[in-house]
Amino acid sequence: MRKARGARKADSEAAGAAPREPARARRRLAPAERTGEILEEALRLFAERHYSNVTMRDIAAACGVNQALIYHYFESKEDLFRRALGFAIEQLHDGYAAVRAAAADPRAEIMSWLDMHLSIAQTVTRMTQLMSDHSASRDDRTGAGALIAEFYAFEQGLLEDCIARGVAAGQFRAVDVARAARTISLQLDGIFYASSSRGDGRIAGDVADLRELVATLLDPPKAG
């Protein structure tokens, strides 16, 4: 009997059947670390497959944990989507707060905001994809709509503040502050939307081009 079983196993492998992969070992993590891991994997999967095509079981498998553990940390898939998006936004905000302190003037603050997007480009690309999918769905069961509106209000306010202070200090030309801020925000959005839709890997080059565009938009004309 043992020989027969061995023969069947050999025949199966010879026929091309893939050997069973060992189960992913579950790592013991502190609650904060586990939450972060789940949010990272959820952000990735929601961006790659679209929210409607991802299950809590998929996320649990990606984390190497039981599905019940996901529900221990998150009430529902809707809750997890909203918090995964918030997790990405928080990384952008926290990173900018850290570098903004070293910025010498309003121009440097704006450039730091652009550069922060580049430094966590993968996270921002996924964040942008989630925002796009949410907008296209016209369904706010996740409650992410308010979070997205809050993010753009923050960005608009940040840019307006920098531009207004730069104009007052004579560093920038007199411009329509709100329109200039919105233009920069729209261009920044376009870079990350294009990264997903075109797949041409030009984020670094496009951010560099945007830095030049900001200078063209805001710098006073050169004398002579």
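Predicted, not measured: the structure shown is a model, and the values here were computed from it.
Taking all atoms of both residues into account, the shortest heavy-atom contact from L118 to A204 is CD1-CA, 3.7 Å. A pairwise comparison of heavy atoms in F87 and G36 identifies CZ-O, 4.1 Å as the closest pair. The two residues A181 and I163 make their nearest non-hydrogen contact at N-CD1, 3.7 Å. Taking every heavy atom of both residues into account, H93 and F154 meet most closely at NE2-CD2, 3.2 Å. When all heavy atoms of T142 and R82 are compared, the pair lying nearest together is O-NH1, 2.7 Å. Taking each heavy atom of A47 and L130 in turn, the nearest pair found is N-CD1, 3.5 Å.
Side-chain contact between L92 and F151 is present, with at least one heavy-atom pair separated by less than 4.5 Å. Using a 4.5 Å heavy-atom threshold, the side chains of Y193 and R198 count as separate. Using a 4.5 Å heavy-atom cutoff, the side chains of M127 and I89 are in contact. In this structure, S195 and R202 have side chains that are not in contact, with every pair of non-hydrogen atoms separated by 4.5 Å or more. The shortest distance between side-chain heavy atoms of F172 and I110 falls below 4.5 Å. Between L188 and L210 the shortest side-chain heavy-atom distance falls below 4.5 Å. Residues R34 and L69 are in side-chain contact: their nearest non-hydrogen atoms beyond the backbone lie under 4.5 Å apart. In this structure, I184 and W113 have side chains that are not in contact, with every pair of non-hydrogen atoms separated by 4.5 Å or more.
Between the side chains of D58 and T55, at least one donor N or O sits under 3.5 Å from an acceptor N or O.
F46 and Y51 have tilted rings, their planes meeting at an angle from 30° to 60° on a 0 to 90° scale.
With respect to R44 and E48, a salt bridge is recorded, a charged nitrogen being found less than 4.0 Å from a carboxylate O. A salt bridge is defined here as a Lys NZ or Arg NE, NH1 or NH2 lying under 4.0 Å from an Asp or Glu carboxylate O, and E160 with R182 fails to meet this definition. D105 has no carboxylate O lying under 4.0 Å from a charged side-chain N of R165, or vice versa, which leaves the two without a salt bridge.
For R57, the CZ atom counts as loosely surrounded, since its 6.0 Å shell holds 12 or fewer non-hydrogen atoms of other residues, nucleotides or ligands.
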Stepwise side-chain contact (heavy atoms from CB on, under 4.5 Å) check, L85 with I148:
CA-CA 9 Å; L85 179 57; I148 295 170; 3.7 Å; yes

Where do L217 and V214 land on the side-chain contact (heavy atoms from CB on, under 4.5 Å) test, with the steps shown first?
CA-CA 5 Å; L217 180 68; V214 170; 5.6 Å; no

Would you check, one step at a time, whether the test side-chain contact (heavy atoms from CB on, under 4.5 Å) holds for S196 with T128?
CA-CA 9 Å; S196 297; T128 305; over 6 Å; no

Can you check side-chain contact (heavy atoms from CB on, under 4.5 Å) on L39 and L80, steps first, answer last?
CA-CA 7 Å; L39 290 171; L80 182 49; 3.9 Å; yes

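The side chain to side chain contact (heavy atoms under 4.5 Å, CB included) check on Q122 picks up R126, with sequence neighbours excluded. Residues forming a side chain to side chain contact (heavy atoms under 4.5 Å, CB included) with E150 (at least two apart in sequence, or on another chain): none.
One distance of note links OG of S76 with CD1 of I70; it measures 12.5 Å at 0.5 Å rounding. The CG atom of L43 sits 13.5 Å away from atom CD1 of I38, with the distance rounded to the nearest 0.5 Å. Atoms CD and SG, on Q171 and C162 in that order, are 10.0 Å from each other to the nearest 0.5 Å. Separating the CG atom in L147 from the CD atom in E90 is a distance of 10.5 Å, to the nearest 0.5 Å. Interatomic distance, Y71 OH to N66 CG, rounded to the nearest 0.5 Å: 11.5 Å. If you take CG on L218 and CG on L213, they are separated by 9.0 Å, rounding to the nearest 0.5 Å.
Side-chain N or O atoms of Q156 include one that pairs as donor or acceptor with a backbone N or O of A178 at under 3.5 Å. Judged purely by atom type and a 3.5 angstrom limit, D79 uses its side chain to pair as donor or acceptor with the backbone of E75. No donor-acceptor pair under 3.5 Å is formed between the side chain of S135 and the backbone N or O of S132. Within the 3.5 Å criterion, the main-chain N or O of E109 finds a donor-acceptor partner in the side chain of Y96.
Listed by first then second residue, pairs satisfying salt bridge (Lys or Arg N to Asp or Glu O under 4.0 Å) with a partner in residues 128-140 read D139-R141, not counting sequence neighbours.
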